[in-house]
There are 2 protein chains.
Amino acid sequence: MPSTGTPRGPYRTGIRRREQIVAVAIEVFGELGYAGGSIRTIADRVGVSHATLLQHFGSKEGLLTAVLEEWDRRAFENGLSDVSGLDYFRRLPQATTAASGNRGLQELFTTMAAEASSPTHPVHAFIQRRYANQFATLAAHLQRAVDAGDVAPLTADQIDLEVRLVTAVLDGIGLQWLLDPSTDVTASVQTYITRTIAAWRASGRAARINRHTKSTPTRRG
Amino acid sequence: MPSTGTPRGPYRTGIRRREQIVAVAIEVFGELGYAGGSIRTIADRVGVSHATLLQHFGSKEGLLTAVLEEWDRRAFENGLSDVSGLDYFRRLPQATTAASGNRGLQELFTTMAAEASSPTHPVHAFIQRRYANQFATLAAHLQRAVDAGDVAPLTADQIDLEVRLVTAVLDGIGLQWLLDPSTDVTASVQTYITRTIAAWRASGRAARINRHTKSTPTRRG
DNA sequence: GTCTATAAGGGGATAGAC
DNA sequence: GTCTATCCCCTTATAGAC
């Protein structure tokens with residue numbers, strides 16, 4: 001494995017080609033699914049032979065792995081790395097809309113998640129891990145909001161449920177946007193987030209009155 | 001096309017076989033997708049040759065059409081036909097949970113919806129029509145709730161947004177349940193519906209004060 | 001109504017030339 | 001690094017026997 005530094009020398013062409021193939025593979029797997037998207041179709045769109053493709057990735061599943069790694073890599077570029085706690089949720093509407101800018105990745109995600117429901121599918125474990133990470137991230141931010149006193153106390157089960165609902169809304173609206181690009185992703189997510197934060201706070205009002213003497217929330221973010 | 005009455009005479013065996021094939025096809029297409037599920041796999045599970053299958057449905061796409069028709073048919077058996085208005089939404093948690101009893105159909109729905117995002121896919125039009133129907137049904141019930149005075153007035157755009165959010169939650173939680181069957185579908189949907197109805201009502205309180213002289217809501221359901 | 005046999009093409013993967 | 005040629009399996013679909 002070469003280092004991930006700047007490509008140089010004789011590897012430059014190969015690395016560029018690799019990136020190009022992965023980019024096209026994201027599109028094709030997104031459009032046709034992993035089962036339906038053939039390496040020949042991908043190779044044709046890139047403008048190379050299918051043998052070249054296999055030379056780079058060894059097998060179709062090797063290409064899939066590269067695609068998923070690229071997906072993971074881009075998942076961090078969501079514009080949410082600089083916020084935490086309740087602000088994380090407040091930024092979700094615009095972050096989700098920005099992500100919709102890349103239709104290929106959204107298609108890939110939706111198609112893979114659906115295909116992966118079968119435990120024998122090659123991306124089953126990957127998708128489960130990705131959801132676990134998503135839940136953990138959201139749960140951590142919601143817990144921070146609780147600790148900061150921004151919202152009412154929540155049990156671990158309640159946090160889990162809230163986190164799953166947020167994820168469901170993001171996934172469901174994303175799917176609707178795929179099927180009908182005129183779908184207003186921002187408005188939908190914004191409405192959900194605003195209403196949910198209000199609910200988190202409202203149920204906190206009564207609780208906060210009963211504990212106004214202890215645990216002064218000082219730090220934020 | 002034969003009538004849909006009770007099968008009798010020489011057709012009985014053929015019709016039973018047809019139903020059996022469709023049932024298995026729902027499972028296979030759900031697990032592997034339309035592209036990934038071959039008619040040979042379906043035929044093997046049924047215990048017949050793949051030629052028999054093509055004899056009944058003409059082509060793979062013919063079988064898919066039969067599957068989608070069966071799906072449409074079962075969609076009416078959701079236990080929601082006897083409620084309307086706000087009660088329709090109140091019953092969604094248990095209705096959704098009951099639907100989860102049939103994993104095959106849930107898988108089929110999720111897989112097809114994802115695959116269908118590409119406009120060239122054979123089920124693209126079907127899925128779009130199905131979503132349109134879903135939105136129309138939910139919108140009609142929410143409008144009834146508004147007319148009955150159960151919730152605050154909503155514009156057409158607001159109703160559309162609410163309906164899409166409900167659908168997103170149902171789809172998203174359904175997907176989570178597929179990936180992890182220990183997911184508590186009822187609790188998630190129940191939480192969302194309860195909170196949402198409360199929000200629909202709360203925003204109505206202020207409005208209702210301003211119009212307490214006009215439009216007395218009398219009829220319900 | 002169901003089968004076997006077969007056609008015709010696409011799929012993933014490998015070998016070897018350039 | 002990329003190509004052509006090839007292998008072999010799986011796919012959909014058809015033809016015709018039983």
Side-chain angles (χ1 to χ4, degrees), chain A residues 1-2 7-68 111 115 118 120-123, chain B residues 1-2 7-25 27-29 31-68 111 115 118 120-123:
Chain A
M1 268 185 246
R8 65 180 198 276
Y11 293 119
R12 214 184 59 201
T13 309
I15 290 179
R16 284 213 174 159
R17 186 62 91 187
R18 252 188 84 103
E19 290 170 352
Q20 191 185 6
I21 293 172
V22 169
V24 172
I26 286 176
E27 285 179 22
V28 172
F29 286 157
E31 287 173 26
L32 307 170
Y34 177 64
S38 72
I39 56 178
R40 279 184 153 91
T41 302
I42 298 168
D44 285 353
R45 285 202 199 176
V46 174
V48 297
S49 76
H50 79 281
T52 299
L53 218 137
L54 287 168
Q55 182 67 26
H56 279 284
F57 300 95
S59 67
K60 187 184 184 182
E61 201 161 333
L63 173 58
L64 176 62
T65 301
V67 163
L68 297 182
T111 308
E115 268 194 88
S118 179
T120 60
H121 195 280
V123 301
Chain B
M1 272 187 238
R8 66 180 196 278
Y11 293 121
R12 214 184 58 199
T13 309
I15 291 179
R16 285 217 174 154
R17 185 63 88 190
R18 251 188 86 102
E19 290 170 352
Q20 190 185 6
I21 293 172
V22 169
V24 172
E27 285 179 22
V28 172
F29 286 157
E31 287 174 26
L32 307 169
Y34 177 64
S38 72
I39 56 178
R40 275 188 151 88
T41 302
I42 298 168
D44 285 352
R45 285 201 199 177
V46 175
V48 298
S49 76
H50 79 281
T52 299
L53 219 137
L54 288 168
Q55 182 67 25
H56 279 284
F57 301 96
S59 68
K60 187 184 183 182
E61 201 161 335
L63 174 58
L64 176 63
T65 302
V67 163
L68 298 182
T111 309
E115 267 195 88
S118 179
T120 59
H121 195 280
V123 302

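In the text below, chain A, chain B and the rest are named by the order of the sequence lines, each starting its count at 1.
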If I take atom [atom1] in residue [X] and atom [atom2] in nucleotide [N], what distance separates them, rounded to the nearest angstrom?
X	N	atom1	atom2	result
A/Lys60	C/dG11	NZ	C1'	8 Å
B/Leu53	D/dT14	CG	P	13 Å
B/Gln20	C/dG1	CD	P	14 Å
A/Leu64	C/dG12	CG	P	12 Å
A/Ile21	D/dC3	CD1	P	9 Å
B/His50	D/dC9	NE2	C1'	14 Å
B/Leu54	D/dA15	CG	P	12 Å
A/Leu63	C/dA13	CG	C1'	14 Å

Is [X] near enough to [N] that one of its side-chain N or O atoms lies under 4.0 angstrom from OP1 or OP2?
X	N	value
B/His56	C/dT2	yes
B/Thr52	C/dG1	no
B/Arg17	C/dG1	no
B/Ser49	C/dT2	no

* To do: Run the numbers on A/Arg17 and A/Val48 for side-chain contact (heavy atoms from CB on, under 4.5 Å), then give the verdict.
  => CA-CA 10 Å; A/Arg17 186 62 91 187; A/Val48 297; 3.6 Å; yes

* Asked: Where the side chain of A/Gln55 is defined as all heavy atoms beyond and including C-beta, which of D/dC3, D/dT2, D/dT14 is the nearest nucleotide?
  -> D/dT2

* Interface residues of residues 22-44 of chain A with DNA chain C (non-hydrogen, below 4.0 angstrom) -> A/Ser38, A/Ile39, A/Arg40

Using every non-hydrogen atom in the two residues, find where [X] and [Y] come nearest and quote the distance to one decimal.
X	Y	value
A/Gly36	B/Ala35	CA-CB, 3.7 Å
A/Lys60	A/Tyr34	NZ-O, 2.7 Å
B/Glu115	B/Gly33	OE2-CA, 3.3 Å
A/Thr111	A/Gly30	OG1-O, 3.0 Å
A/Gly37	A/Val28	CA-CG1, 3.8 Å

* Just one of A/Ile15, A/Ile21, A/Val22 clears the side chain to side chain contact (heavy atoms under 4.5 Å, CB included) bar with A/Glu19, so which one? ->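 By the side chain to side chain contact (heavy atoms under 4.5 Å, CB included) criterion, A/Glu19 pairs with just one of A/Ile15, A/Ile21, A/Val22: A/Ile15.
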
